[in-house]
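Input: a single structure, listed below in structure tokens.
No experiment lies behind these values; they were computed from the predicted model shown. For reference, positions follow the sequence shown, starting with 1.
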Amino acid sequence: MSSRFDELRILSGNGNPALAQAICNRLGVRLGDVTITRFANENIFVRLNESVREKDVFVIQSLASPLSDRILELLIMLDACRRASAGRVTAVVPFYAYGRTDKRDQPRVPITARLLADMIQVAGAQQLVTIDLHAGQIQGFFSIPVDELSCMGLLVRYFRDRGWDDVVVVSSDIGFAKRARNFAEQLGAPLAIVEKRHTARADTDGEEGGDAVSLIGDVAGKRCILVDDEVNTGRSLINAAELLERRGAREVYAAVVHPVLGGDGAERLRNSAIRELVTTDTLPVPAEKSWPGLRILTVAPLLAEVIQRIHSGVSVHTIFPPRSLAC
């Protein structure tokens, strides 16, 4: 289909270059030539080595570690595209950082997810594509169009292909119960919910902690699939897995979209009761943080299809089944 813009251009920061290249391979286009330099004074410099004038530009950047550098790379790339007279600039952010700081739940604290949204818009993004936000209301922090995609269907298909008939889907927290219910319905399995007593650990590891204290549902003799949107230190998943084992679960698996794996989270998960952690490549996982029980599914086909549809002016959400939109 034709587009109102001259050509499609895909640029990538250092957040997840392998994913950006995989997307280009699916689309049959060349990854744009960009130079990103870090000077001795820690200033980041970006130069576009080709014209983007009147082009439909997609800037792909996962907000991975080191996080502050990746955010600045994204903002500077967006600004460079705007100042180079790009026809349209779309920020493709597979993992949106600071998603947990989406409200003021304590006195005198910021709403950093909103601050990041403001910066992305001011830098020059005219629309945003992202995957499974931690909180859906983050979409409302933007005044530009936001396409929030869901990879829950990708994880569902992985477990559906295993052909198990003794599965229980377990929400790792009451707050995630709605999306876990949709996951269970797509898999045709019952739902259980772990109730936690929350403890604020933002000052130590950046992840909302909590002790698994009770379980709603029956998991005795079942294969349990813990579902969540991201895993950082792994404490929540590991505590939930231990609770499930105490309640008689046969095996425990985990399905999460974003593998943040901060600190020694990978080592904890490697030595935990979770037999397999199934996740995606929205964030890169360094070789030293991989282990035999880690399974990574690629989101490149999904993002490539969405980019092509946006470029061609075709509806994005028609590629999703109705229930997956609510995941």
Inset, instruction - Kindly indicate whether the side chain of Leu155, heavy atoms from C-beta on, has any atom under 4.5 Å from the side chain of Phe183. - result: yes
Inset, instruction - Find out if a path of hydrophobic residues (ILVMFWY) with successive side-chain heavy-atom gaps under 4.5 Å connects Leu72 to Leu48. - result: yes
Legend entry - Test item: side-chain donor near acceptor, Gln127 and Asp147, under 3.5 Å: no
Legend entry - Side-chain H-bond candidate by donor/acceptor type, Gln21 with Asn25, under 3.5 Å: yes
Inset, instruction - Indicate yes or no for a side-chain donor-acceptor contact from Ser272 to the backbone of Ile274 under 3.5 Å, with no hydrogens or angles considered. - result: yes
Legend entry - Side chains of Arg100 and Glu230 in contact at under 4.5 Å (non-hydrogen atoms): yes
Legend entry - Close side-chain approach of His258 and His134, heavy atoms under 4.5 Å: no
Inset, instruction - Can you label the angle between the Phe159 ring and the Tyr253 ring as parallel, tilted or perpendicular, going by 30° and 60°? - result: perpendicular
Inset, instruction - Check the hydrophobic clustering (I, L, V, M, F, W, Y; side-chain heavy atoms under 4.5 Å; chains of links allowed) and say if Ile310 and Ile23 are grouped together. - result: yes
Inset, instruction - Check whether any side-chain heavy atom of Leu261 lies under 4.5 Å from a side-chain heavy atom of Leu269, and answer yes or no. - result: yes
Inset, instruction - Keeping the roles fixed (side chain from Gln121, backbone from Ala117), state whether a donor-acceptor pair exists under 3.5 Å. - result: yes
Inset, instruction - Taking the side chain as every heavy atom from C-beta outward, state whether Arg157 and Leu297 have any pair of such atoms under 4.5 Å apart. - result: no
Inset, instruction - Group every Ile, Leu, Val, Met, Phe, Trp and Tyr by side-chain heavy-atom contacts under 4.5 Å, then state whether Leu283 and Tyr98 land in the same group. - result: no
Legend entry - Heavy-atom check, side chain of Leu75 versus side chain of Asp79, under 4.5 Å: no
Legend entry - Spacing of Ile193 atom CD1 and Arg181 atom CZ [to the nearest 0.5 Å]: 10.0 Å
Legend entry - Worked check of side chain to side chain contact (heavy atoms under 4.5 Å, CB included) between Leu63 and Val93: CA-CA 7 Å; Leu63 300 184; Val93 184; 3.8 Å; yes
Legend entry - side chain to side chain contact (heavy atoms under 4.5 Å, CB included) assessment of Thr101 paired with Leu116: CA-CA 10 Å; Thr101 318; Leu116 181 56; over 6 Å; no
Inset, instruction - Might you work through the side chain to side chain contact (heavy atoms under 4.5 Å, CB included) test for Val231 and Leu277, ending with a clear yes or no? - result: CA-CA 10 Å; Val231 56; Leu277 173 66; 4.3 Å; yes
Legend entry - Interatomic distance, Ile138 atom CD1 to Thr130 atom OG1 [nearest 0.5 angstrom]: 8.5 Å
Inset, instruction - State plainly whether the residues Arg114 and Asp118 are in salt-bridge range, i.e. N to O under 4.0 Å. - result: yes
Legend entry - Atom pair CG (Asp173) and CZ (Arg179), whose distance is rounded to the nearest 0.5 Å: 11.0 Å
Inset, instruction - Please confirm whether the backbone N or O of Leu187 pairs with a side-chain atom of Arg160, one donor and one acceptor, at under 3.5 Å? - result: no
Inset, instruction - Could you grab the distance from atom CD of Gln137 to atom CG of Asp102, nearest 0.5 Å is fine? - result: 4.5 Å
Legend entry - With Arg104 via side-chain contact (heavy atoms from CB on, under 4.5 Å) - residues at least two apart: Val109, Ile111
Inset, instruction - Quick one: do Lys55 and Glu50 satisfy salt bridge (charged side-chain N to carboxylate O under 4.0 Å, His left out)? Show the steps, please. - result: CA-CA 11 Å; Lys55 304 296 189 293; Glu50 59 188 82; over 6 Å; no
Inset, instruction - Measure the CD1-CE distance between Ile60 and Met77 for me, rounded to the nearest 0.5 Å. - result: 9.0 Å
Inset, instruction - Report yes if the side chains of Leu294 and Ile296 come closer than 4.5 Å at any heavy-atom pair, otherwise no. - result: yes
Inset, instruction - State, without any angle test, whether Glu148 and Tyr96 hold a side-chain donor-acceptor pair at a distance under 3.5 Å. - result: no
Legend entry - Non-hydrogen side-chain atoms of Phe95 and Arg70 separated by less than 4.5 Å: no
Legend entry - Interatomic spacing from OG in Ser150 to CG in Asp229 - rounded to 0.5 Å: 10.5 Å
Legend entry - salt bridge (charged side-chain N to carboxylate O under 4.0 Å, His left out) evaluation trace for Lys222 with Asp166: CA-CA 5 Å; Lys222 303 292 186 179; Asp166 59 348; over 6 Å; no
Legend entry - Cluster overlap Phe58 with Leu74, hydrophobic side-chain contacts below 4.5 Å: no
Inset, instruction - Indicate if Ile44 and Val34 have the same hydrophobic cluster label, given that clusters are the connected sets of ILVMFWY residues with side-chain heavy-atom separations under 4.5 angstrom. - result: yes
Inset, instruction - Using the side chain to side chain contact (heavy atoms under 4.5 Å, CB included) rule, take Thr282 and Asp132 through it: C-alpha gap first, then chi angles, then the decisive distance, then the call. - result: CA-CA 10 Å; Thr282 58; Asp132 286 301; over 6 Å; no
